[in-house]
Asks: 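The structure's right below; bear with me while I get my questions together.
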2 protein chains.
Amino acid sequence: MQSRTPASRATGRPRSAAADAAILAATREALVELGWSKLTLGDVATRAGVAKTTLYRRWAGKNELVVDAVAELFDELEIPNRGSLAADIEGVVLQFAAILARPEARSGLMAVIAESTRDDALRERIRTSIVERQKRLVLEGRTRAQARGELPPESDPTTVDLIFDVVAGAVVHRTLVSAEPADERWVRAFTRLLLVGLGGAAG
Amino acid sequence: MQSRTPASRATGRPRSAAADAAILAATREALVELGWSKLTLGDVATRAGVAKTTLYRRWAGKNELVVDAVAELFDELEIPNRGSLAADIEGVVLQFAAILARPEARSGLMAVIAESTRDDALRERIRTSIVERQKRLVLEGRTRAQARGELPPESDPTTVDLIFDVVAGAVVHRTLVSAEPADERWVRAFTRLLLVGLGGAAG
DNA sequence: GCAGTTACGCTACGGGTCGTAGCGAAAGCC
DNA sequence: GGCTTTCGCTACGACCCGTAGCGTAACTGC
């Protein structure tokens, strides 16, 4: 959501928080039934039981609305503490895959990423509300693995960025491009590849 | 493109091959200037110097047109023979990254992939004209590395799928989501991670 | 050459969505 | 009650979609 000027003004009729929730839920519902391209803001407004103008007062357009609607799906992401780096990775990747398997994420996420290639503000919105939240999990997992002694202390901060791109990219590509499920078997093979590299994974 | 019934009929005025090329080039030009969402078929037709109806006679819609226009960008992909698996991987990843760095690929590819999540025919079109061509490179690289003795003979065919998702996914995510260049430094770090795994890459 | 067939350019059209303007009513603060 | 902001509603011009219809161009086979 976007704040009014600095913080919400104390005067006038307040915005309905229920309307926000209804609009975002209606957006996800429309994503499931219609997909990104056939989703219209008028339809979302009708589903949410609000006027179309109300929707436009809160979001600049389809892109921003869908980013917020999809971002809520990632709220549940948490890195499990399963006792080993491999198990932790498998756990978080399975969670990530489960979210991407949902139709409202599949059809919406790639579309807004595509739009963000020509809209810096949109990319920033995606980064802060979706990507950074995921990347934090990678940081936590690394810290925990280092405490266990499974990973050496890391000095290069770009390694985290690299791992994040590899993990998230692989799951997204498997799910959306190859269009095959990132199930337990796949996740195990992927985790092994990540940990021991190509030579080990081929054994 | 789509063939007429089995093979092109021998009667009647033939379709202009020049028009095909002009339309696809105009599509890429429009992708650069306008991006996916603001690209209209009427505009593409005008740029190509053909009538809008001609465009609709050859492509079912925006999705199919952009897939074909973007697919041509991947024609130049070839796996180099640099003498070692690591060097081969770095070479092909750099080529792939160079294509994804082009604006007509960035804005178009993700958009059609997003659309393909709700359109099986479109996904199949993407698979045959873009994805499979990339996957062939992975196969060639593996065969060559096995001949060199760098990789053990592989029995599990799903390993190729896994590697492909990891490589393509990582580059795409780095380029389009993280929005940072997959330059030589990054590619070297990625290749090392792929070959020796997390423990080695962290050293 | 001439008939047959297909592609092409052009124009026009109904249908749908966009994003905004304007209005009166509702809901909160002082 | 007065002030302020939000809300629902209606209406609107602008744009794009995808198709139909027509006359013309290009190529094949007789």
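In what follows, chains are A, B, ... by sequence order, proteins preceding strands, each numbered from 1.
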Asks: Between B:Lys38 (NZ) and C:dG19 (C1'), how many Å, whole number?
Replies: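 Spelled out: NZ on B:Lys38 to C1' on C:dG19 is 13 Å.
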Asks: Which residue is it: A:Ile79, A:Leu195, A:Val167, A:Leu94? I am looking for the one with a side chain to side chain contact (heavy atoms under 4.5 Å, CB included) to A:Ile89.
Replies: A:Leu195
Asks: Can you tell me how far CG of B:Asp20 sits from CG of B:Asp68, rounded to the nearest 0.5 angstrom?
Replies: 9.0 Å
Asks: Taking only residues two or more places apart in sequence, or in another chain, which ones meet A:Glu104 in a salt bridge (Lys or Arg N to Asp or Glu O under 4.0 Å)?
Replies: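 If we apply the salt bridge (Lys or Arg N to Asp or Glu O under 4.0 Å) test to A:Glu104, skipping adjacent residues, the hits are A:Arg102.
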Asks: Report the C-alpha separation of A:Phe96 and A:Leu137 in whole Å, then their side-chain angles, then the decisive distance to 0.1 Å, and conclude whether the side-chain contact (heavy atoms from CB on, under 4.5 Å) test is met.
Replies: CA-CA 11 Å; A:Phe96 188 50; A:Leu137 300 185; over 6 Å; no
Asks: Would you list the pairs meeting side chain to side chain donor-acceptor pair (under 3.5 Å) in which at least one residue belongs to residues 28-42 of chain B, sequence neighbours left out?
Replies: A:Glu115-B:Ser37, B:Arg28-B:Glu72, B:Glu29-B:Arg47, B:Glu33-B:Arg47
Asks: A:Thr54 or B:Gly42: which one's nearest nucleotide on DNA chain D is closer to the 5' end?
Replies: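 Nearest nucleotide further toward 5': that of A:Thr54.
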Asks: Report yes or no: is there a donor-acceptor pair, N or O only, under 3.5 Å between the side chain of A:Arg15 and the base of C:dG28?
Replies: no
Asks: Given atom CH2 of A:Trp59 and atom C1' of C:dT20, what is their separation to the nearest angstrom?
Replies: 19 Å
Asks: So how far is it from A:Leu176 CG to B:Ile113 CD1, rounded to the nearest 0.5 Å?
Replies: 8.0 Å
Asks: If you measure from the Lys or Arg side-chain nitrogens to the Asp or Glu carboxylate oxygens, is any gap between B:Asp119 and B:Arg125 under 4.0 Å?
Replies: no
Asks: Do the ring planes of B:Phe164 and A:His173 sit parallel (below 30°), tilted (30 to 60°) or perpendicular (above 60°)?
Replies: perpendicular
Asks: Under 3.5 Å, which protein N or O atoms sit close to an N or O of nucleotides 18-20 of chain D? Give each pair with its distance.
Replies:
{"from": "D:dG18", "atom 1": "OP2", "to": "B:Tyr56", "atom 2": "OH", "distance (Å)": "2.7"}
{"from": "D:dG18", "atom 1": "N7", "to": "B:Lys52", "atom 2": "NZ", "distance (Å)": "3.2"}
{"from": "D:dG18", "atom 1": "O6", "to": "B:Lys52", "atom 2": "NZ", "distance (Å)": "3.1"}

Asks: Name every residue in residues 106-118 of chain B that has at least one heavy atom under 4.0 Å from any atom of DNA chain D, in order of residue number, or write none if there are no such residues.
Replies: none
Asks: Between protein and nucleic acid, restricted to nucleotides 26-30 of chain D and to nitrogen or oxygen atoms under 3.5 Å apart, what atom pairs and distances do you find?
Replies:
{"from": "D:dA26", "atom 1": "O4'", "to": "B:Arg13", "atom 2": "NE", "distance (Å)": "3.4"}

Asks: To the nearest 0.5 Å, tell me how far B:Leu122 CG sits from B:Ser116 OG.
Replies: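 One gets 5.5 Å once the value is rounded to the nearest 0.5 Å.
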Asks: I'd like to know if the side chain of B:Arg133 reaches the main chain of B:Thr128, judged simply by a donor and an acceptor atom lying under 3.5 Å from each other, with no hydrogens or angles considered.
Replies: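 No, the answer is negative, given that no donor and acceptor are paired below the 3.5 Å cut-off.
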Asks: Rounded to the nearest Å, what distance is computed from the CZ atom of residue B:Arg57 to the P atom of nucleotide D:dG21?
Replies: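 Atom-to-atom, B:Arg57 to D:dG21, this comes out as 13 Å.
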Asks: Which pairs with one or both residues in residues 83-92 of chain A pass side chain to side chain donor-acceptor pair (under 3.5 Å), sequence neighbours excluded?
Replies: A:Asp88-A:Arg144, A:Asp88-A:Arg148
Asks: Nearest-Å distance, CG (A:Leu55) to P (D:dC9)?
Replies: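 My rounded result for the distance is 14 Å.
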